[in-house]
Amino acid sequence: MASALKNLSSYDEASIPSVEGMSFGIVVAEWNAKITHAMYEGCYETLVKHGAKEENIHTIQVPGSFELPTGARLIATKHKLDAVICLGCVIKGETKHDEYINNAVAMGLTNLSIASGQPFIFGVLTPNNEEQALERAGGKHGNKGIEAAVTAIRMAALKKEMTSNPKIGF
Ligand code: RBF
């Protein structure tokens with residue numbers, strides 16, 4: 001089904017692994033704060049709903065989305081985290097700034113994930129205008145902050161599963 005016809009923030013809550021004892025970092029860009037703060041609320045509430053303790057959720061703000069990878073690295077260095085979620089909104093303008101920022105953030109978070117083996121989640125909206133952004137920050141296309149939290153939980157659980165209880169022999 002085309003994503004335009006579906007609210008992607010609806011998910012089967014029972015299928016989400018427990019996050020008991022897990023820690024998360026959230027990095028939020030201040031640019032387009034109306035959007036990113038709505039995404040943050042959805043993200044934070046979703047982590048708490050699935051059992052994350054408030055003291056195990058660490059949040060920082062960075063000026064713009066371009067700074068998300070650096071913020072992510074700083075928060076991951078300061079705290080022992082199971083996943084880091086990066087939230088931003090880069091609205092297309094008359095020039096190509098959005099392409100440079102979006103590509104840099106995607107590459108930065110990919111590099112961090114691969115180099116560390118830790119999940120760094122790309123929760124960045126790349127809309128053509130504010131209306132499209134609002135539709136994805138609590139509007140008709142759901143809240144991408146919720147989806148970023150669900151992805152973080154699933155990746156943190158996967159990492160835990162893959163790195164604990166090593167099988168000895170075959
Ligand atoms: N940051 C965002 O998070 N969203 C934006 O829509 C956005 N638009 C920008 C447009 C221009 C022309 C520039 C120069 C920066 C923009 N930024 C935006 C800020 C960017 O992510 C970063 O904070 C600054 O470029 C400083 O490194």
Side-chain angles (χ1 to χ4, degrees), residues 1 3 6-30 36-90 101-126 136-137 141-170:
M1 184 189 279
S3 64
K6 197 174 156 198
N7 181 338
L8 296 171
S9 302
S10 305
Y11 61 97
D12 176 12
E13 291 181 16
S15 72
I16 303 301
S18 163
V19 302
E20 213 184 305
M22 286 186 182
S23 296
F24 296 89
I26 309 178
V27 188
V28 188
E30 287 169 17
T36 60
H37 289 184
M39 293 166 73
Y40 174 70
E41 276 180 31
C43 178
Y44 189 93
E45 283 167 12
T46 303
L47 294 177
V48 171
K49 182 157 96 179
H50 288 286
K53 291 211 176 86
E54 298 199 356
E55 64 264 31
N56 291 336
I57 304 175
H58 305 276
T59 303
I60 57 168
Q61 292 206 82
V62 292
S65 293
F66 186 80
E67 285 73 39
L68 286 170
T70 308
R73 183 172 167 164
L74 290 171
I75 202 169
T77 305
K78 182 163 170 142
H79 302 282
K80 192 178 176 318
L81 302 171
D82 293 286
V84 179
I85 302 157
C86 296
L87 302 174
C89 171
V90 183
I101 296 172
N102 294 335
N103 286 332
V105 179
M107 197 175 290
L109 297 183
T110 303
N111 287 343
L112 281 173
S113 299
I114 292 171
S116 65
Q118 240 191 319
F120 286 84
I121 307 303
F122 181 86
V124 179
L125 297 182
T126 60
R136 290 157 179 80
H141 292 303
N143 185 327
K144 300 297 166 188
I146 295 176
E147 294 175 39
V150 170
T151 304
I153 292 170
R154 294 184 57 200
M155 288 303 294
L158 182 64
K159 178 168 187 261
K160 205 170 165 188
E161 186 191 319
M162 300 301 281
T163 53
S164 60
N165 302 324
K167 285 198 185 113
I168 298 169
F170 294 98

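Just so you know, these numbers use all the heavy atoms, side chains as well, and skip hydrogens, waters and symmetry mates.
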Nearest 0.5 Å, please: how far is [atom2] in [Y] from [atom1] in [X]?
{"X": "Arg73", "Y": "Ile75", "atom1": "CZ", "atom2": "CD1", "result": "14.0 Å"}
{"X": "Ile101", "Y": "Leu68", "atom1": "CD1", "atom2": "CG", "result": "10.0 Å"}
{"X": "Lys49", "Y": "Tyr44", "atom1": "NZ", "atom2": "OH", "result": "15.0 Å"}
{"X": "His37", "Y": "Cys89", "atom1": "NE2", "atom2": "SG", "result": "11.5 Å"}
{"X": "Leu158", "Y": "Thr163", "atom1": "CG", "atom2": "OG1", "result": "9.0 Å"}

Tell me, with the steps shown, if Val19 and Leu47 meet side chain to side chain contact (heavy atoms under 4.5 Å, CB included). CA-CA 8 Å; Val19 302; Leu47 294 177; 5.8 Å; no
What donor-acceptor contacts under 3.5 angstrom involve side-chain atoms of residues 102-123, with partners at least two apart or in another chain?
unit_1	atom_1	unit_2	atom_2	d
Asn102	ND2	Asp98	O	3.1
Asn103	ND2	Glu99	O	3.1
Thr110	OG1	Ala106	O	2.6
Asn111	ND2	Met107	O	3.4
Ser113	OG	Leu109	O	2.9
Ser113	OG	Phe120	N	3.4
Ser116	OG	Leu112	O	2.6
Ser116	OG	Gln118	N	3.1
Gln118	NE2	Leu81	O	2.8

Looking at every non-hydrogen atom in both residues, tell me the closest pair between [X] and [Y] and how far apart they are.
{"X": "Cys43", "Y": "Ile26", "value": "SG-CD1, 3.9 Å"}
{"X": "Gly71", "Y": "Ile60", "value": "O-CD1, 3.4 Å"}
{"X": "Ala29", "Y": "Thr36", "value": "O-OG1, 2.8 Å"}
{"X": "Ala52", "Y": "Ile57", "value": "CB-CD1, 4.0 Å"}
{"X": "Thr59", "Y": "Val28", "value": "CG2-CG2, 4.2 Å"}
{"X": "Lys144", "Y": "Leu125", "value": "CG-CD2, 3.4 Å"}

Residues forming a side-chain hydrogen bond (donor to acceptor under 3.5 Å, both in side chains) with Glu20, sequence neighbours excluded: none
For a side chain to side chain contact (heavy atoms under 4.5 Å, CB included) check, start with the C-alpha distance between Arg136 and Glu147, then their side-chain angles and the critical distance, and finish with the verdict. CA-CA 10 Å; Arg136 290 157 179 80; Glu147 294 175 39; over 6 Å; no
Going by the ring-ring contact (aromatic ring centres under 6.0 Å, His included) test, which pairs reach into residues 62-90, not counting sequence neighbours? His58-His79
Across all chains, not counting sequence neighbours, the side-chain contact (heavy atoms from CB on, under 4.5 Å) partners of Ala38 are Ala137
Could you pull out all residues at least two apart from Thr46 that satisfy side-chain contact (heavy atoms from CB on, under 4.5 Å)? Tyr11, His50, Ile146, Ala149, Val150
Phe24: which residues meet the ring-ring contact (aromatic ring centres under 6.0 Å, His included) condition with it, sequence neighbours left out? none
